[in-house]
Amino acid sequence: MTKTPVLITGAGPTGLVLALELAYHNVPFKIIDKAKGPGETSRAMLVVPNVLESYQKYGLAQTVTQEGIIPEFAHFHSNNTRIASLPLGIMGKGQSLYSYLVTFPQDEHEQVLLDKLNEFGVTVEWESELVGLKQVKEHSEVTIRKNDAYQTETFDYVVGCDGASSQVRKQSGIEFEGETYEQVFYVLDAQVDGKIVEDDAGSFSFIKDYFALFFPLRNKETTRIIGMFPPDLSREGDLSYESLKPRLEAAFKIRILEMNWFSDYKIHARTATHFRKDNLFLAGDAAHIHSPIGGQGMNLGIGDAVNLGWKLAEVVNRKGPVELLDTYEEERQEIAKFVVATTDRLFSLIVGDKTRSLMTRQLLIPVIARLADAFGPIQDRVYTLLSQLYIGYEKSSLSQGERSEISPGQRLPYVDSEPFEFIRESGWQLHTFQPLDPELKAFCDQQGIKWVMRKWTNQTRDKGYKKDQRLLVRPDGYIGWAGRDGQQEEFYTYIKKWLTE
């Protein structure tokens, strides 16, 4: 029986990005999905800077930016009156090469990823579903059903990117803890006319029992509307577009000219009790699901894929220590729990107890929006949270060495004064501001570590860098080890622990 290093189940954004990561590192794998082909609806739409940085090495950041829409503002409306605006187009200036958010429909996003995979000679095996999973020693025997035919194959590792109803999670016996909200929500893509709809801006609108988010999609010809069904329609069980349409038009003073896609759904807040069991891994919605507020879900799943992808590559290709794979759950589960808890608290304030949620929508949110409109530091904080640039792994076993303003586990800070933005997330890199001695450079070459000689500037200093600092950057753009000149033994010790078997 032929054995393949990795099986990816699920060809949504998380599975496709994991496939790209493995293809980039020349790791043999198979990717399957039970669907007949790629998705044909917009679904998740927001792409954040953290993901764009990950796409940089593929040239996909430019593709997504050019084909998507960069909203210049997020406007806040109360009773159809604009009360505040956030400058989304420039809010992150100085924090990343990508100082903006992009709206890009998931079906178009997936096609971009599929096209890039094709360049690597990889295709998804559609209409193929994992139906059996058995651990045999250090491997997994997987039964795959395709066109009513069954085949059993052996894999070193299996990664469930197969959504909230993940078969990998269910067959592994991992619990999916959390709850389901009782309220019913809708997502609507349509051609809409009204003052609240703008080509270059998103809008958050709050009116008594109604709240909705409006964002431009598909070359600004389509508007995405997300909101909660009016309580009376939910109680009556009337979740039809026909009943909702006149309510939305009257409440927000809009006209819906043509509906392209409509769906109702309930929101869950759940996190898997484990992201790894033996040689099985969970990523994306299979590992965590939560409210769509802030557009964090898909981006969080892509972050899972990037984190796991390079670690699998290190173990499979470089024969790195298998302990490296333990750090996937250690790092990503903590982030997922934070995002689920944060969105859950915010979401509960907006849709929970009637009196409290009305006060939140009519009083608290307008006050916060006006403060954010007026104060730059609040805008910086909002951007950091939305962009996922706050994510760090300071407590990880992989984060070792000297701690200062810039410490192990942090995302390597962006400096816009340098003549180039080095390619992030493209392999191990040693960053210094002073030349390396020949012995250390030869050691780095031998280990496949790229030496990056940085330019020392006032901005570099202001970002917290030290001139004699040495920073070993992981393949995902985070600092693994930090030290100074004269700490070569500590550097060697880290390399021997994490980069060699």
Side-chain angles (χ1 to χ4, degrees), residues 1-12 14-23 25-37 117 120-176 272-288 301 304-305 307-330 332-333 501:
M1 186 181 296
T2 304
K3 181 164 65 68
T4 305
V6 182
L7 171 67
I8 302 170
T9 67
T14 299
L16 292 174
V17 171
L18 178 59
L20 268 178
E21 289 288 321
L22 296 181
H25 293 288
N26 297 310
V27 176
F29 66 93
K30 172 183 281 194
I31 178 170
I32 64 173
D33 195 292
K34 65 181 180 181
K36 292 183 179 180
L117 265 180
F120 283 100
V122 176
T123 56
V124 176
E125 295 190 17
W126 300 106
E127 298 184 274
S128 300
E129 182 180 9
L130 181 150
V131 294
L133 182 61
K134 183 170 66 173
Q135 189 79 11
V136 180
K137 295 183 179 178
E138 296 179 354
H139 312 297
S140 285
E141 288 187 0
V142 177
T143 302
I144 299 172
R145 179 174 60 201
K146 183 172 184 177
N147 299 326
D148 295 324
Y150 294 82
Q151 182 175 344
T152 299
E153 301 180 46
T154 302
F155 298 90
D156 289 327
Y157 302 101
V158 176
V159 187
C161 305
D162 46 348
S165 300
S166 169
Q167 280 298 311
V168 174
R169 190 188 66 243
K170 291 177 179 177
Q171 297 210 24
S172 67
I174 296 174
E175 298 293 327
F176 206 30
T273 52
H274 293 285
F275 284 19
R276 179 191 183 189
K277 184 177 181 180
D278 300 321
N279 64 335
L280 309 178
F281 299 87
L282 301 176
D285 286 355
H288 45 76
D304 294 341
N307 187 289
L308 180 59
W310 74 265
K311 293 173 181 177
L312 283 170
E314 288 287 310
V315 173
V316 173
N317 284 351
R318 290 172 55 113
K319 304 304 178 185
V322 293
E323 290 80 9
L324 190 62
L325 299 177
D326 294 331
T327 67
Y328 169 66
E329 176 176 308
E330 181 183 354
R332 296 304 297 180
Q333 189 181 45
E501 190 173 23

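Quantities reported herein were computed from a predicted structural model and do not represent experimental measurements. Along the sequence shown, residues are numbered consecutively beginning with 1.
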So which heavy atom on [X] is nearest to which on [Y], and how close?
{"X": "Val315", "Y": "Pro321", "result": "CG2-O, 3.6 Å"}
{"X": "Arg169", "Y": "Ala272", "result": "CD-CB, 4.4 Å"}
{"X": "Tyr150", "Y": "Arg145", "result": "OH-CD, 3.3 Å"}
{"X": "Val131", "Y": "Gln171", "result": "O-NE2, 3.1 Å"}
{"X": "Glu127", "Y": "Lys36", "result": "CG-CA, 3.6 Å"}
{"X": "Val316", "Y": "Pro5", "result": "CG1-CB, 4.2 Å"}

Set of side-chain contact (heavy atoms from CB on, under 4.5 Å) partners for [X], sequence neighbours left out:
{"X": "Val124", "result": "Ala11, Leu16, Ile31, Asp33, Leu114, Trp126"}
{"X": "Thr123", "result": "Asn118"}
{"X": "Lys34", "result": "Glu129"}
{"X": "Asp326", "result": "Arg276, Glu323"}

Q. Angle class for the Tyr328/Phe281 ring planes (parallel below 30°, perpendicular above 60°, tilted otherwise)?
A. perpendicular

With sequence neighbours left out, write down each residue that passes salt bridge (Lys or Arg N to Asp or Glu O under 4.0 Å) with [X], or none if nothing qualifies.
{"X": "Glu330", "answer": "none"}
{"X": "Glu314", "answer": "Arg318"}
{"X": "Lys30", "answer": "Glu125, Glu153"}

Using a 3.5 Å distance criterion without hydrogens, assess whether the side chain of [X] forms a donor-acceptor pair with backbone atoms of [Y].
{"X": "Gln167", "Y": "Leu130", "value": "no"}
{"X": "Glu175", "Y": "His274", "value": "no"}
{"X": "Asn317", "Y": "His25", "value": "yes"}

Q) Going by the side chain to side chain donor-acceptor pair (under 3.5 Å) test, which pairs reach into residues 130-140, not counting sequence neighbours? A) Gln135-Ser140, Gln135-Asn279, His139-Asp156, Ser140-Asn279

Q. Can you tell me how far CG of Asp278 sits from CG of Leu325, rounded to the nearest 0.5 angstrom?
A. 12.0 Å

Q. How many angstroms lie between atom CD of Glu329 and atom CG of Asp304, to the nearest 0.5 angstrom?
A. 11.5 Å

Q.
The criterion is side-chain hydrogen bond (donor to acceptor under 3.5 Å, both in side chains); which residues satisfy it with Ser128, sequence neighbours excluded?
A. none

Q. Partners of Ser166 by side-chain hydrogen bond (donor to acceptor under 3.5 Å, both in side chains), sequence neighbours excluded?
A. Asp162

Side chains of [X] and [Y], heavy atoms from C-beta outward: is any pair under 4.5 Å?
{"X": "Val159", "Y": "Val6", "value": "yes"}
{"X": "Ile8", "Y": "Leu22", "value": "yes"}
{"X": "Arg332", "Y": "Leu308", "value": "no"}
{"X": "Leu280", "Y": "Leu133", "value": "yes"}

Q: Evaluate the criterion side-chain contact (heavy atoms from CB on, under 4.5 Å) for residue pair Val27 and Leu312; output intermediate values, then yes/no.
A: CA-CA 8 Å; Val27 176; Leu312 283 170; 5.7 Å; no

